[in-house]
Trainee: 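Sharing a structure below in C-alpha cells format, with a few things to ask.
Per chain, numbering begins at 1; letters A, B, ... match sequence-line order. Note: hydrogens, waters and symmetry copies are ignored here, and every other heavy atom, side chains too, is used.
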There are 2 protein chains.
Amino acid sequence: MLKKIKIPDATIGRLSLYSRYLIEAHEKGITTVSSQHIAKATGVTPAQVRKDLAYFGEFGTRGVGYNSKELYNYIMKILGLDKRWSVAIVGAGNLGKALSQYKGFYQRGFDIACILDNDPKKVGKKISNINIYHLDALDEKVKELKINLGIIAVPAQAAQEVADKLVKAGIRGIINFAPINITVDENIILRRVDLSAQLEYLTYYLEEA
Amino acid sequence: MLKKIKIPDATIGRLSLYSRYLIEAHEKGITTVSSQHIAKATGVTPAQVRKDLAYFGEFGTRGVGYNSKELYNYIMKILGLDKRWSVAIVGAGNLGKALSQYKGFYQRGFDIACILDNDPKKVGKKISNINIYHLDALDEKVKELKINLGIIAVPAQAAQEVADKLVKAGIRGIINFAPINITVDENIILRRVDLSAQLEYLTYYLEEA
DNA sequence: TTGAATTTGTTAAATAATTAACAAAGATTT
DNA sequence: AAATCTTTGTTAATTATTTAACAAATTCAA
C-alpha cells in the first residue's frame with residue numbers, strides 16, 4: 001500500500017503544480033524533462049522535486065530525466081485525478097455562485113453537480129445550468145448525483161452545521177471557505193481556504209516596510 | 001523595529017483566525033480569554049497560540065489571560081488591518097467577477113476599487129457597482145484609486161504578463177489565482193492561491209483509502 | 001500574608017521539512 | 001570499450017516549526 005509514511009502537505013500542493021507544467025511541456029512536444037526543468041518552471045529546487053517524487057516511487061531514468069507525459073500520468077494518479085469527481089457547493093451567495101462557475105475545476109476533473117441553499121428564493125433556480133436545491137435535499141442528491149466532495153460557501157456561523165450535514169450525507173472530503181475553524185470526525189478530510197486571509201499575508205508583509 | 005526574525009507563514013494565517021475568534025468573543029461580552037480558549041476555538045494548541053503571539057510582544061497578563069478586544073486590536077495592527085486597503089482585480093471572467101462580489105473582503109478592510117480586463121466587450125461595464133476598465137488604464141487607475149494590492153484572475157498563460165504590469169504600475173502585493181508559477185522582483189509580496197489544488201488535497205487523501 | 005491555583009512568556013526538546021551531497025545508473029563521445 | 005558527462009534516487013546535514021516544560025507573574029482563598 002502506498003502512502004504509509006507521512007507526506008508533507010506542501011508536497012501535495014507542489015505535485016499539482018508539477019503536473020500542470022508537465023502537461024504543458026508534453027503539449028509543446030517536450031518529451032523528456034529533468035528535475036531541474038520542473039524546478040525552474042515551478043519555482044522550487046531540483047532536490048525538492050526529486051524528494052517529492054521519491055515519496056511515491058521511481059519515475060525517472062538516471063542520466064536522462066522524466067518522460068513528461070508518463071510522469072504527468074503518474075502524478076495525476078497519485079492525486080486521484082485519473083477519474084472525475086462530483087462536487088456539491090453549499091451556499092448560493094456570491095462566493096458559492098462564483099465557485100460554481102469557475103472553469104478551473106472542470107479542467108482538473110471536478111464536476112459541480114449541484115448547489116444547495118436554504119433560501120426558498122434561490123431554491124429551484126439555476127446558475128449557469130447548475131441546479132440549486134434545498135439543503136434538506138442533500139442526502140438525496142448526494143446519492144442521486146454520486147457526490148464525493150463538498151464545498152462550504154456559507155457564512156461563518158452556519159459552517160459547522162453545514163459540515164455536519166455533509167458528513168451525515170456521506171461526503172468524506174470538504175473544503176471550507178468560511179473564515180472559521182470547524183471540526184469533523186477524523187476520517188473526514190477537511191481543508192480551510194480563507195480568501196481574506198490570503199490578502200492579509202500581503203498586508204502583513206507590506207506593513208513591515 | 002518589529003519583525004526582524006523570520007516568522008512562519010503559518011503564524012500569519014493563524015493570527016487571522018485568532019482575530020476572528022477574538023472579535024466574536026468580544027461581541028459576546030467575553031472580555032478575557034486564555035490561550036487555551038483561543039486554541040480550542042481555532043483548532044491549535046495553547047502553546048502554539050502563545051508562541052505565535054510571542055513573536056510580536058507581550059499581550060497578556062499571567063494568571064489571567066488576554067483582553068479580547070485589546071488583543072484583537074493588536075493582531076489587526078500586526079496584520080496591517082488597522083487601515084483599509086484598495087484592491088484591483090485583473091480578469092473579469094467568472095473568477096474575477098466572483099471575487100469582486102465576495103463580501104468577506106470588505107469586512108476585513110479590503111475595498112475592490114476596480115476590475116481590469118482587455119476584452120472590449122467587458123470594458124465599460126460594471127459588476128455590482130465596480131467599474132471594469134481596460135488593462136491599459138492600469139497605471140492611471142492605480143494612482144487615481146490609490147490601489148495597493150492586485151488580484152490576478154486571468155488564465156495561466158496571461159498571468160506573468162499581468163503580474164509584470166501590476167508591478168510596473170507600483171503595486172507591491174499580489175495574489176495569483178492562476179494555476180501557474182509566476183516570478184516577481186523580490187521586494188514584491190506574491191502569493192499563489194490555486195483553488196483546484198485545494199480540491200486535489202482532498203482527492204489525494206480520499207484516493208488513499 | 002501565606003499558600004494554592006492560574007496562566008503567561010520563554011527556553012529547551014522533539015518533529016518536520018528542506019537542502020545539499022553523492023553514489024548509482026544510464027547516455028554519449030572518442 | 002573506456003572515459004566522461006548527466007541526472008536520478010537516497011542518505012545525511014541543515015533549517016524551520018511545533019510541542020513540551022517550567023519559571024515568573026498574577027489572582028484568589030484562607
Trainee: What is the distance, rounded to the nearest whole Å, between atom CZ of B/F59 and atom P of C/dG9?
Mentor: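 Spelled out: CZ on B/F59 to P on C/dG9 is 8 Å.
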Trainee: Tell me the interatomic distance from A/R14, atom CZ, to C/dT19, atom C1', rounded to whole angstroms.
Mentor: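 That distance rounds to 11 Å.
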Trainee: Let me know the distance between CG of B/L53 and C1' of C/dT10, rounded to the nearest Å.
Mentor: 13 Å
Trainee: Tell me: CD1 of B/I7 to P of D/dT17, nearest whole Å?
Mentor: 10 Å
Trainee: Are B/D52 and B/T11 close enough that a side-chain donor and a side-chain acceptor fall under 3.5 Å?
Mentor: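 Yes.
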Trainee: Does the pair A/R191/A/D9 count as a salt bridge with the N-to-O cut at 4.0 Å?
Mentor: yes
Trainee: For residues 95-106 of chain B, pull every pair meeting side chain to side chain donor-acceptor pair (under 3.5 Å), keeping only residues two or more places apart or in separate chains.
Mentor: none
Trainee: Tell me the interatomic distance from B/K51, atom NZ, to D/dA21, atom P, rounded to whole angstroms.
Mentor: 15 Å
Trainee: Starting at the 5' end of DNA chain D and moving along, which residue's nearest nucleotide shows up first, B/P8 or A/G60?
Mentor: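 The 5'-side residue here is A/G60.
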Trainee: Between protein and nucleic acid, restricted to nucleotides 28-30 of chain C and to nitrogen or oxygen atoms under 3.5 Å apart, what atom pairs and distances do you find?
Mentor:
none

Trainee: Students often get this wrong, so: under 4.0 angstrom with heavy atoms, is A/T11 touching a base, only sugar-phosphate, or nothing?
Mentor: nothing
Trainee: About how many Å separate CG of B/L53 and CG of B/L15, when rounded to the nearest 0.5 Å?
Mentor: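 The CG atom of B/L15 sits 6.5 Å away from the CG atom of B/L53.
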Trainee: Just how far, in rounded Å, is P of D/dG9 from CG of A/D52?
Mentor: 13 Å
Trainee: Output one line per pair: protein atom, nucleotide atom from nucleotides 25-27 of chain D, and distance, for all N/O pairs under 3.5 Å.
Mentor:
residue, atom, partner, partner atom, Å
D/dT26, O4', B/R62, O, 3.3

Trainee: So that I can tick it off, tell me whether A/E161 and A/K165 are bridged by a salt bridge, with the cut-off set at under 4.0 angstrom between side-chain N and carboxylate O.
Mentor: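 So A/K165 pairs with A/E161 through a salt bridge.
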Trainee: To the side chain of B/S35, which of D/dT7, D/dA20, C/dT8 is closest?
Mentor: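 The answer is C/dT8.
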Trainee: Determine, stepwise, if the pair B/L95 / B/L195 fulfils side-chain contact (heavy atoms from CB on, under 4.5 Å).
Mentor: CA-CA 10 Å; B/L95 186 60; B/L195 294 175; 3.7 Å; yes
Trainee: Starting at CD1 of B/I12, measure out to OH of A/Y204 and round the result to the nearest 0.5 Å.
Mentor: 4.0 Å
Trainee: Is a salt bridge present between A/K28 and A/E24, judged by a nitrogen-to-oxygen distance below 4.0 Å?
Mentor: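 The answer is yes: the pair qualifies as a salt bridge.
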Trainee: Please report, rounded to the nearest Å, how far the C1' atom of D/dT8 is from the CZ atom of A/F56.
Mentor: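 Result: 17 Å.
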Trainee: What class does the angle between the rings of A/F110 and A/F105 fall in, given that below 30° is parallel, 30 to 60° is tilted and above 60° is perpendicular?
Mentor: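 The rings of A/F110 and A/F105 stand perpendicular, inter-plane angle above 60°.
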Trainee: What is the distance, to the nearest angstrom, from the CG atom on B/D9 to the P atom on D/dT17?
Mentor: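 Interatomic distance, CG of B/D9 to P of D/dT17: 8 Å.
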Trainee: What nucleotide among D/dT18, D/dT10, D/dT8 has an atom nearest to a side-chain atom of B/A10?
Mentor: D/dT18
Trainee: Please evaluate residues A/Y18 and A/V49 with respect to the criterion side-chain contact (heavy atoms from CB on, under 4.5 Å), reporting the C-alpha separation (whole Å), side-chain torsions for both, the decisive distance (0.1 Å), and the verdict.
Mentor: CA-CA 8 Å; A/Y18 301 161; A/V49 172; 3.7 Å; yes
Trainee: Would you please confirm or rule out a distance under 4.0 Å between OP1 or OP2 of D/dT6 and any side-chain N or O of A/Y66?
Mentor: no
Trainee: Measure from the side chain of B/R50, starting at C-beta and using heavy atoms only, and say which of D/dT17, C/dG9, D/dG9 lies closest.
Mentor: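 Shortest atom-to-atom distance from the side chain points to C/dG9.
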Trainee: Ignoring backbone atoms, test whether B/Q48 places a side-chain nitrogen or oxygen under 4.0 Å from the OP1 or OP2 oxygen of D/dT19.
Mentor: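 For D/dT19, OP1/OP2 do have a side-chain N/O of B/Q48 under 4.0 Å.
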